[in-house]
Amino acid sequence: MTTLTHRPDTLTRDALAVLQPGFHGTTAPDWLLRRIGEGLTSVGLFGRNIHTPAQLAALTAQLRAERDDILVAIDEEGGDVTRLEVREGSSFPGNYALGSVDDVELTRAVARELGSRLAACGVNLNWAPSADVNSDVNNPVIGVRSFGADPALVARHTAAYVEGLQSAGVAACTKHFPGHGDTAVDSHLALPRIDVGVDTLHARELAPFRSAITAGSKSVMSAHILLSALDPDRPATLSPRILTGLLREELGFGGLIVTDGIEMQAIASTYGIERGSVLAIAAGVDAICVGGGLADEGTVLRLRDALVDAVREGELPEERLADAAARVRALADWARRVRGASGPGAAVQEGTAPGAGTSAAGGPDIGLVAARRAVRVTGAVEPLQEAPYVASFAAVANIAVGDETPWGVAAELTALLPGTEAGTYGSGSGAAEVLAAAGERRIVAVVRDLHRHSWMASVLDGIRAARPDTAVVEMGVNHAEPAGSPHIATYGAAPVCGRAAAEVLTGRSV
């Protein structure tokens with residue numbers, strides 16, 4: 001236990017309480033433990049903090065030794081966005097696959113199992129699910145993270161996900177309010193805007209959030225996007241009209257409001273993180289997420305001091321900061337009570353993959369069940385009899401997904417057909433290069449969001465012209481016309497999606 005040399009005043013404790021910072025390492029650094037002792041109530045985990053389930057459980061236990069009710073948050077959507085299995089790939093398909101199946105009980109079961117694994121490792125707040133309606137198929141940052149483009153479908157699966165996750169004792173954080181689906185810009189890089197009318201926003205973007213609130217979502221994450229019909233001057237994260245007027249008063253949400261990463265360029269490059277944090281709390285935010293990029297003590301102190309100074313200078317009402325801190329502590333208390341009622345969770349064995357084993361129902365792993373159900377096949381499947389050549393076409397991954405997590409079908413095909421060879425190709429590649437590498441082997445071409453990348457489509461056309469029996473596996477948004485013999489859509493790129501595709505291609509199970 002860290003020993004304090006002095007006791008911070010109430011204002012400083014409240015300023016620390018509203019921060020959700022990250023850090024480097026697989027154990028908690030001394031500075032973080034010290035700040036927890038001074039009032040910090042939440043910590044955010046990222047892939048860099050996680051090595052094994054047992055190590056993660058030890059880390060969260062270390063944090064709870066300092067504060068029993070600490071909120072330990074993570075960005076674990078499953079599918080393409082995973083932190084729990086960042087080096088192996090997720091054991092669960094993501095939202096797009098679940099939406100394509102459109103079985104709310106399956107979505108609820110997947111979320112419950114994912115929540116159970118998080119809870120067993122000591123995580124009690126998940127920055128998920130994404131409730132964005134992916135109405136723009138060229139969206140560069142949402143895509144397969146969305147349940148789909150139909151607001152009603154997204155609404156019912158968002159509610160099921162919230163219910164499943166929270167039934168496992170992990171608080172849901174429904175995002176990205178009021179909806180990031182109709183954007184052509186990634187808010188990690190710049191400030192996106194949506195210029196549609198209020199009626200459209202209510203019928204489309206807001207429908208899933210209404211369902212999440214009805215389902216009891218413990219928290220909501222704001223989006224760094226400008227919605228001109230709601231507030232032409234400030235992005236949602238900094239807008240009293242959107243967060244207090246719309247979310248709190250009109251929609252009746254009483255839980256915790258969390259920002260998306262405050263260091264994302266949509267805020268950092270326009271307002272700066274200190275000014276942005278003050279404006280966010282003043283607008284109605286309760287917790288500032290920071291740490292995806294800036295994960296050091298200096299950042300925490302800068303934001304703490306900015307909030308304290310804003311109160312002392314009369315820019316931020318002290319009551320608003322105190323109310324925000326109280327909401328954080330209330331959620332922390334809920335998570336502590338739920339954890340106490342259910343016990344600390346199943347023991348985690350060193351070296352056991354988070355996705356290993358069976359579902360709570362005792363049948364096949366629920367993630368693989370869902371991935372198999374999501375697969376859509378166009379054209380006849382002539383099962384592969386010999387080891388193929390797998391050509392994966394890789395565009396630059398968006399920041400939310402990252403490029404550390406493996407994807408594709410090569411490893412899964414190799415398990416079924418030893419001797420499978422593979423290559424990865426970028427925008428400078430051509431069909432001749434792929435054909436030469438494949439030789440006489442049958443080609444399996446693996447793409448993500450083919451409709452968004454003209455270079456990818458051009459190379460694929462060249463391959464198929466020379467080798468009409470090329471099988472195509474689309475692991476992103478399935479919007480382009482099916483092409484391939486056969487064309488297999490997995491609705492996500494997690495390893496379980498790749499395994500489901502490999503089983504279709506070979507007619508075998510792993």
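L435 is listed as a side-chain neighbour of I443, based on a closest heavy-atom distance under 4.5 Å. With a 4.5 Å cut-off on side-chain heavy atoms, Q20 and V43 do not count as touching. Side-chain atoms of L125 and I74, non-hydrogen and from C-beta on, never get closer than 4.5 Å to each other. Looking at V144 and Y491, their side chains never come closer than 4.5 Å, going by heavy atoms from C-beta outward. Side chains of P178 and I242 form a contact here, defined as non-hydrogen atoms less than 4.5 Å apart. At least one side-chain heavy atom of L71 sits less than 4.5 Å from a side-chain heavy atom of L331. For the pair L84/L56, a side-chain contact is recorded, criterion being any heavy-atom separation below 4.5 Å from C-beta on. At a threshold of 4.5 Å between non-hydrogen side-chain atoms, the residues H180 and P192 count as touching.
Checked for salt-bridge contact, E77 and K175 meet the test: a charged N lies under 4.0 Å from a carboxylate O. The pair R145-D80 fails the salt-bridge criterion, with no side-chain N (NZ, NE, NH1 or NH2) lying under 4.0 Å from an Asp/Glu carboxylate O. Look at R117 and D365 and you find a salt bridge, because one of the NZ, NE, NH1 or NH2 atoms lies within 4.0 Å of a carboxylate O, short of that distance. Electrostatic pairing of E503 and R372 counts as a salt bridge here, judged by a charged N lying under 4.0 Å from a carboxylate O. Ionic pairing of R156 and D102 is present here: one or more N-O contacts between side-chain nitrogen and carboxylate oxygen are shorter than 4.0 angstrom. A salt bridge links R441 to E421: at least one charged side-chain nitrogen sits closer than 4.0 Å to a carboxylate oxygen. A salt bridge does not link E76 to R83: none of the charged nitrogens lies less than 4.0 Å from a carboxylate oxygen.
Taking CZ from F177 and CG from L247, the interatomic distance works out to 4.5 Å, rounded to the nearest 0.5 Å. Distance OG1/T27 to NE2/H51: 13.0 Å, rounded to 0.5 Å. Summarising the geometry, atom OG1 belonging to T490 is positioned 9.5 Å from atom CH2 belonging to W407; distances are rounded to the nearest 0.5 Å. Between atom NE2 of residue H453 and atom OG of residue S458 there is a gap of 14.0 Å, rounded to the nearest 0.5 Å. Note that CG of L63 and CG of L32 are 6.0 Å apart. Values are rounded to the nearest 0.5 Å.
Checking each of N134, D136, D132, V133 against D182 for a side chain to side chain contact (heavy atoms under 4.5 Å, CB included) leaves exactly one that passes, namely D136.
Contact record, A494 with S90: CB-O, 3.7 Å, taken as the closest heavy-atom pair.
Shown here is Q62, whose CD atom has more than 12 heavy atoms of other residues, nucleotides or ligands within 6.0 Å.
Checked by atom type, the side-chain pair S217/T174 shows a donor-acceptor distance below 3.5 Å. D296 and T299 share a donor-acceptor pair across their side chains, judged by distance under 3.5 Å alone. Residues N95 and H157 have side chains that never bring a donor and an acceptor to within less than 3.5 angstrom of each other. Of the N and O atoms on the side chains of S222 and T237, at least one donor lies less than 3.5 Å from an acceptor on the other residue.
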**Request:** Check the pair D469, R464 against salt bridge (Lys or Arg N to Asp or Glu O under 4.0 Å), reporting the backbone distance first and the verdict last.
**Result:** CA-CA 7 Å; D469 65 344; R464 292 181 59 248; over 6 Å; no

**Prompt:** So E163 and R108, salt bridge (Lys or Arg N to Asp or Glu O under 4.0 Å) or not? Walk me through it.
**Reply:** CA-CA 7 Å; E163 292 164 354; R108 187 176 289 110; 2.7 Å; yes

**Request:** Check step by step if side-chain contact (heavy atoms from CB on, under 4.5 Å) holds for S135 and E205.
**Result:** CA-CA 9 Å; S135 50; E205 271 73 17; 4.3 Å; yes

